[in-house]
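See below for the structure under consideration.
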There are 2 protein chains.
Amino acid sequence: MLYANNTTYKRHHNAGSSDVPRKPSTSTKHQHTPMGGQDNDTARKGVGGLLHGAHGHYAGDDGRAARPKNGHHECDQCAVRQYALCSVFKSQEGFARFESLVRHKHLHAGQSVFEEGDPSEYVYNVSEGAIRLYKLLPDGRRQITGFLLPGAFLGLALRETYSYGAEAVTDSHLCQFRTSELKQLFLDFPELRQRLYEMANDELAAAQEQMLLLGRKTAKEKIASFLLQLADHALNQNRDPLPLAVPMTREDIADYLGLTVETVSRVFSRLRKSGVLTFSGPSLIVDADFDALEDLAEEG
Amino acid sequence: MLYANNTTYKRHHNAGSSDVPRKPSTSTKHQHTPMGGQDNDTARKGVGGLLHGAHGHYAGDDGRAARPKNGHHECDQCAVRQYALCSVFKSQEGFARFESLVRHKHLHAGQSVFEEGDPSEYVYNVSEGAIRLYKLLPDGRRQITGFLLPGAFLGLALRETYSYGAEAVTDSHLCQFRTSELKQLFLDFPELRQRLYEMANDELAAAQEQMLLLGRKTAKEKIASFLLQLADHALNQNRDPLPLAVPMTREDIADYLGLTVETVSRVFSRLRKSGVLTFSGPSLIVDADFDALEDLAEEG
DNA sequence: CGGGCACTTGAGGTGCGTCAAGGATTGTGG
DNA sequence: CCACAATCCTTGACGCACCTCAAGTGCCCG
């Protein structure tokens, strides 16, 4: 079940440009990934850094989500209510007003939430699953700018159109709001804006860190940093970083780190052969020498 | 005067790591750059994109700043008051309260505003000059994450320490506020937070664009995109994009685009030889084929 | 069991980094 | 006014990290 994702973004075929890197031709399909499976299901949330999600305060359960999987979503059963945007509404009536605006949306792995350039009519809160944000060049080259995890907010930019695309990496659940209605709420709930502001700041810091990675780190350092992000996110949720699940495909990782699939694969292999990582299948790392990874990542 | 900047960030020498790119050894010095000079002085503000500044509404003057250069700064003479943060204070007493908190700081080219890890006691508004934001790896590799221009806000991230360093590219003037005091103002002036939120969002969108550039564009595309950023910023200030000044050094450009000095220089040369650009000295472009640049940049 | 997809691995090419040298500009001090 | 030192920029030769192309393996699912 760790192969729980696939790619759906379309890459425009581009007849004959010259000195530009590979423009992949990619198939388009939707694939329903069965949820459930064994317990390392927890992995689905395991990302961190530019990979946004709720941090800390993962009260109670050890990371395994015992949520309604039947598509019947209610806010009072919501897994992320304690720390998502919703947590701003302390009072009963405040929350009621908030809840009245929400529309629940379920997405299958690979489905698009919105595309770059779409009018930004809605904003979302991720309550289950994982979303990837990406930007494309006209010839199809893709840069993934981040992964969103439960508790993360989607659509921050209060602009007329989305400046990036968003797709479900795995089956996901989103709470949808009209941008205009959310703005109304700002008037009565200044804490809401405060909360969004903090989130934007966190994203900004993460984005700067990612620029450093993209512009100045080697492939090995990028992979090491990425794995540490995954591990840190697990720690932030009070989960054990081992075994470490890598829910996204090699292609997603490559597009996130500014590499190619082959390079990602090769670096993983080299880390495995040098004893830093032990794999159990391509998307599950059962052992990792985090000290070695930190040296490799040149953190700081 | 277009060589109006230098580098001051320290690059740690790192005895013997192996497969890591060049770790430059850089001198440390402060250099006072005489302001004034001829009129293409306007160039000092010429940046855009991740290069933040005030956009639009550059009422009146054609870009040449007729500001008090005598260090005696008063808010009511401030060049950016109309569109900087200060503009949220409509009322006389509101602004008075705001002004009472400000402390004016003048920086010479190359001087540090703060370094990564410093406690974020202050935030700033840029009223004159240009600031570069950067992050360093332990071995000295640097990534410039953005340039700040008049009207831009510095220190957005309401975190305990700055997550990046900031240095003056040219002689600059900043308005300094205590973070704690600014937060107080939030209570009485919700528009202030709104404004900062919008700014953070703009930066975020720019950061994502820059990630696309860093992760997926070729050297030529990066340079072309960069020049278009410069030109767009000029346009946003109602200035003619030609002649186009490039106030930062090749090293700054390289560290901004994830390249080396030599590559930056070579690409400029190639663009010059192919007739896309015409230079008058290394930091002034007197003619540019913007259509060609847009093709090269793969904008989209 | 067969086709599709993700992943891996190898062989070879290249864009850009590295190393090195030289030119242009500016500021400094005699 | 002229060495000079210090930067910054440019250019060439070369090498390598990563990309490209291609073939093969394993897994999943129909």
Side-chain angles (χ1 to χ4, degrees), chain A residues 1-8 18-34 37 109-110 141 215-223 246-254 257-273 279-284, chain B residues 1-8 18-29 31-34 37 109-110 141 215-223 246-255 257-273 279-284:
Chain A
M1 94 130 280
L2 286 167
Y3 286 98
N5 47 10
N6 64 351
T7 50
T8 301
S18 53
D19 63 346
V20 153
R22 173 162 38 170
K23 308 130 215 160
S25 54
T26 304
S27 65
T28 301
K29 83 163 192 179
H30 282 192
Q31 169 184 298
H32 295 197
T33 305
R141 281 173 286 167
R216 288 302 180 215
K217 288 190 182 180
T218 66
K220 199 196 288 183
E221 291 166 352
K222 287 175 176 178
I223 296 284
V246 184
M248 52 288 285
T249 65
R250 297 289 185 265
E251 184 166 22
D252 278 348
I253 298 171
L257 300 178
L259 299 170
T260 60
V261 189
E262 295 93 330
T263 297
V264 171
S265 182
R266 268 186 264 269
V267 172
F268 274 136
S269 295
R270 239 181 294 144
L271 291 176
R272 175 169 43 74
K273 282 170 189 157
F279 281 85
S280 153
S283 18
L284 191 63
Chain B
M1 92 131 281
L2 287 167
Y3 286 99
N5 47 10
N6 64 351
T7 51
T8 300
S18 53
D19 62 347
V20 153
R22 172 161 40 172
K23 309 129 216 165
S25 55
T26 304
S27 66
T28 301
K29 82 162 192 180
Q31 168 185 298
H32 296 195
T33 304
R141 280 173 286 168
R216 288 301 181 216
K217 289 190 180 179
T218 66
K220 200 196 287 184
E221 290 166 353
K222 287 176 176 179
I223 295 285
V246 184
M248 52 288 286
T249 65
R250 296 289 185 265
E251 184 166 21
D252 279 348
I253 298 172
D255 285 347
L257 300 178
L259 299 171
T260 60
V261 190
E262 295 93 328
T263 298
V264 171
S265 182
R266 267 187 264 268
V267 173
F268 274 137
S269 294
R270 239 181 293 145
L271 291 176
R272 177 169 42 74
K273 282 169 189 157
F279 281 86
S280 151
S283 18
L284 191 62

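Below, chains carry the letters A, B, ... as their sequence lines are ordered, and counting in each starts from 1. Worth knowing before you read on, the calculation uses all heavy atoms, side chains too, and leaves out hydrogens, waters and symmetry mates. Note that the structure is a prediction, hence the values are computed from the model and not measured.
Here NZ of B:Lys222 is found 11.0 Å from CZ of B:Arg216. Values are rounded to the nearest 0.5 Å. B:Arg270 contributes atom CZ, which lies 8.5 Å from atom CZ of B:Arg266 (distance to the nearest 0.5 angstrom).
Taking all atoms of both residues into account, the shortest heavy-atom contact from B:Met248 to B:Asp252 is CB-CB, 3.7 Å. The minimum heavy-atom distance between A:Thr218 and B:Pro21, with the atom names listed, is CG2-CD, 3.4 Å.
When heavy atoms are screened at a 4.0 angstrom cut-off, B:Arg272 is found touching the sugar-phosphate backbone but no base atom.
With rounding to whole Å, B:Ile253 atom CD1 is found 12 Å from D:dC8 atom C1'. Taking atom CZ on A:Arg216 and atom P on D:dA17, their separation rounds to 16 Å, with Å as the unit. In this entry the distance linking CZ of A:Arg270 with P of D:dA17 reads 9 Å, nearest Å. If you take CZ of A:Arg141 and P of C:dG15, they are 13 Å apart, rounded to a whole angstrom. Separating the CG atom of B:Leu259 from the C1' atom of C:dG17 is a distance of 10 Å, rounded to the nearest angstrom. Summarising the geometry, the separation between NZ on B:Lys273 and P on D:dC9 is reported as 17 Å, rounded to the nearest angstrom. Put simply, CG on B:Asp255 is 11 Å from P on C:dG17, counting in whole angstrom units. A straight line from CD of B:Glu251 to C1' of C:dG17 spans 14 Å, rounded to a whole angstrom.
Listed in residue order, the members of residues 261-269 of chain A having a heavy atom less than 4.0 Å from DNA chain C are A:Glu262, A:Ser265, A:Arg266, A:Ser269.
Two end axes, each from the C1' atoms of five base pairs, can be drawn for the helix from C:dC1-D:dG30 to C:dG30-D:dC1; they diverge by 30°, to 10 degrees.
Between A:Thr260 and D:dC19 there is a side-chain N or O to OP1 or OP2 distance below 4.0 Å.
Take B:Thr263 and apply the side chain to side chain contact (heavy atoms under 4.5 Å, CB included) test, not counting sequence neighbours, and it matches B:Ala219, B:Leu259, B:Thr260, B:Val267.
The backbone N or O of B:Val20 lies less than 3.5 Å from no partner atom in the side chain of B:Arg141, so there is not a single donor-acceptor pair. Under the 3.5 Å distance criterion, the side-chain polar atoms of B:Arg250 are matched with a main-chain donor or acceptor of B:Pro282.
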